[in-house]
Trainee: 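Sharing a structure, written as structure tokens. Questions coming.
The first residue of the sequence shown is numbered 1, and numbering continues consecutively from there. The model shown is predicted, which means the values in this text are computed figures rather than measured ones. Ligands are counted one by one from 1 in listed order, and the atoms in each one are counted from 1 as well.
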Amino acid sequence: MQGKVITVLARPNLALVKYWGKREKGKDCKYTSLNLPQNSSLSITLDAGEELLTRTSVVFSEKLAQDTFYLNGKKQDMKSPELKERFLAIEELRKLSGVGTRALIVSNNSFPTASGLASSASGLAALTFAASKALGLKIDSNKLSEITRIGSGSACRSLFGGFVVWNRGKLPDGSDSVARQVFDEYYWPELTTLICMTTREKKKISSRAGMRQTVATSELYKLRPDIAEEHVKEIIKALNKKDFEALARVTMADAMNMHSVMLDTRPPIIYLNDVSKEVIYAVEDLNESEKRLVAAYTFDAGPNACVICAESDADKVFAKLKGVRGIEKILKAKIGSSPKVLSDSESLINPKTLEPKFALEK
Ligand code: PMV
């Protein structure tokens with residue numbers, strides 16, 4: 001059977017309350033992780049136009065001898081442990097659909113992969129969204145979120161637009177550990193994110209390996225799940241009131257709490273660099289001189305800062321960040337929407353030859 005080529009566009013998300021740590025333990029969970037988190041997390045989906053997105057085309061066909069995956073023009077090694085883990089999500093979708101044929105997947109990120117800019121979130125969300133459609137599956141967003149989480153924890157949040165909570169859940173099979181939208185992308189349109197790119201380098205330690213190490217070795221981490229759970233409640237309260245200062249306070253506290261447990265890991269994990277530190281000082285300085293919280297910084301597993309502010313303050317915050325030496329580029333993002341299926345003309349796969357459409361990197 002030759003399935004249809006489905007092409008999807010998905011956007012990354014930025015966690016205001018971070019996911020850092022899985023609740024599974026034991027040696028044998030290395031490649032079979034369900035990615036069940038130690039705490040709930042809360043994110044905003046980011047829309048920076050053409051700048052921050054993943055486009056992925058997927059086709060299942062019996063003409064294909066094996067699964068093949070091209071990322072940013074480069075054929076990927078399907079035997080790599082990381083890819084095997086991510087493809088567990090595809091295996092789940094295959095099982096559900098009863099379709100056993102192999103897949104060709106072609107994916108492009110319009111931003112640096114694995115540099116702490118949530119490429120795995122938009123990448124996996126685009127992949128599972130497209131694959132579920134290419135397999136003709138009619139599953140609800142709960143089920144797709146559960147399956148996407150297996151490929152990448154934070155990706156289950158990128159299946160939704162607006163403000164999204166990934167609930168920790170309690171069940172050992174993970175069926176209640178899914179993401180849901182709390183407010184859509186039109187709820188608070190003034191909210192703006194300035195993404196400060198300080199490096200395009202790949203991070204030295206993947207978030208998957210890093211959080212495993214933190215859970216295993218950090219003493220401080222014992223406090224983290226309850227603190228994060230409290231932060232989710234506080235952010236939802238702030239969102240209900242559209243209270244920017246409360247949102248800013250908790251966002252900064254949560255990011256610094258996560259980076260503290262990273263530092264408390266043996267050996268320590270340090271994703272922030274000198275430029276990240278300068279961004280922290282610049283934002284603190286601005287907030288102090290304005291006598292209110294104008295902006296909030298947050299960092300994922302990388303040095304690139306994301307600074308949140310109201311659109312009416314964006315010029316002021318931008319000007320302040322421009323003064324930080326080492327920032328290569330500042331991208332402006334608004335609150336983004338859920339993944340969408342693109343037209344056949346935007347496909348990255350030639351349906352006749354079952355080959356990628358673009359020139360391949362050697
Ligand atoms: O889902 P992963 O394995 O890419 O981990 C994401 C970890 C952070 O970006 C640091 C936090 C988060 O909640 O997105």
Side-chain angles (χ1 to χ4, degrees), residues 10-24 29-31 33-46 52 54 81-83 85-86 88-89 109 111-128 145-160 163-168 174 177-179 193 195 202-215 218 221 224-225 227-229 231-232 235 250-251 254-263 265 269-272 276 297-306:
R11 301 190 182 281
N13 66 78
L14 171 67
L16 307 185
V17 180
K18 314 285 188 189
Y19 149 58
W20 192 256
K22 303 175 205 298
R23 66 175 187 265
E24 293 160 296
C29 77
K30 209 169 168 200
Y31 300 137
S33 169
L34 284 172
N35 275 340
L36 298 177
Q38 292 265 4
N39 62 271
S40 307
S41 53
L42 187 149
S43 63
I44 50 176
T45 303
L46 295 176
L52 281 183
T54 300
E82 195 198 324
L83 216 56
E85 282 192 359
R86 302 215 182 276
L88 289 174
N109 288 328
F111 57 100
T113 303
S115 65
L117 267 178
S119 56
S120 78
S122 55
L124 254 295
L127 177 61
T128 55
S145 166
E146 189 188 332
I147 294 172
T148 304
R149 187 204 67 227
I150 296 171
S152 155
S154 56
C156 73
R157 299 186 309 239
S158 266
L159 289 175
F160 302 88
F163 301 83
V164 182
V165 168
W166 170 16
N167 183 38
R168 175 195 190 275
S177 184
V178 293
T193 304
I195 301 151
K202 272 201 170 192
K203 52 195 172 200
K204 289 187 184 69
I205 174 162
S206 72
S207 43
R208 205 165 265 226
M211 60 178 82
R212 198 171 279 150
Q213 230 165 286
T214 300
V215 176
S218 164
Y221 186 75
R224 167 79 190 147
I227 291 174
E229 220 61 56
H231 284 166
V232 170
I235 295 250
V250 182
T251 297
D254 194 78
M256 292 300 100
N257 187 268
M258 178 183 74
H259 284 275
S260 304
V261 300
M262 289 167 167
L263 194 58
T265 301
I269 301 170
I270 305 170
Y271 287 119
L272 305 184
S276 326
Y297 45 77
T298 181
F299 305 83
D300 280 342
N304 295 306
C306 291

Trainee: Just let me know how R149 lines up against ligand 1, side chain, backbone, both or neither, with a heavy-atom cut-off below 4.0 Å.
Mentor: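 Within the 4.0 Å criterion, R149 makes no contact with ligand 1.
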Trainee: Would you mind telling me which of D300, D254, N39 makes a side-chain hydrogen bond (donor to acceptor under 3.5 Å, both in side chains) with K18?
Mentor: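 It is D300; the other options fail the test.
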Trainee: Going by heavy atoms in the side chains, are I270 and L263 under 4.5 Å from each other?
Mentor: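 Contact flag for I270/L263 side chains = yes.
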Trainee: Would you check whether K18 has a nitrogen or oxygen atom less than 3.5 angstrom from a nitrogen or oxygen atom of ligand 1?
Mentor: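 The answer is no, given that K18 and ligand 1 share no N or O pair closer than 3.5 Å.
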Trainee: Name the residue from L46, T251, T45 that meets the side-chain contact (heavy atoms from CB on, under 4.5 Å) definition with L14.
Mentor: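 Checked L46, T251, T45 against L14; only one passes side-chain contact (heavy atoms from CB on, under 4.5 Å): L46.
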Trainee: Please identify which atoms of ligand 1 are closer than 4.0 Å to at least one heavy atom of G153.
Mentor: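 Ligand 1 atoms under the 4.0 Å threshold to G153: 1 (O).
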Trainee: Any atoms of ligand 1 less than 4.0 Å from a non-hydrogen atom of M211? List them with their elements.
Mentor: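 Those atoms are 5 (O).
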Trainee: Would you mind reporting whether H259 and W20 have side-chain heavy atoms less than 4.5 Å apart?
Mentor: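 With C-beta onward as the side chain, the pair stays apart.
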Trainee: For R157, is at least one N or O under 3.5 Å away from an N or O on ligand 1?
Mentor: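 Yes: some nitrogen or oxygen of R157 is under 3.5 Å from one in ligand 1.
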Trainee: Considering S207, A121, P37, A301, which one's heavy-atom position lies nearest to atom 5 (O) of ligand 1?
Mentor: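 Among S207, A121, P37, A301, the closest heavy atom to atom 5 (O) of ligand 1 comes from S207.
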Trainee: Could you list which atoms of ligand 1 come closer than 4.0 Å to a heavy atom of S152?
Mentor: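 By the 4.0 Å cutoff, the relevant atoms are 1 (O).
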Trainee: Heavy-atom contact under 4.0 Å between S41 and ligand 1?
Mentor: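 It does not; every heavy atom stays at 4.0 Å or beyond.
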Trainee: Using side-chain heavy atoms (C-beta onward) and a distance below 4.5 Å, is W166 in contact with Y19?
Mentor: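 They are in side-chain contact.
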Trainee: A side-chain contact here means heavy atoms from C-beta on lying under 4.5 Å apart; do R168 and R23 qualify?
Mentor: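 Heavy-atom side-chain distance check passes, below 4.5 Å.
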Trainee: Which pair of non-hydrogen atoms, one from L159 and one from T148, has the smallest distance, and what is that distance?
Mentor: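 In this case the closest contact between L159 and T148 is CD1-OG1, 3.4 Å.
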Trainee: So if I count the atoms of ligand 1 from 1 in the order they appear, which ones are less than 4.0 Å from some heavy atom of A15?
Mentor: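 What qualifies from ligand 1 is 12 (C), 13 (O), 14 (O).
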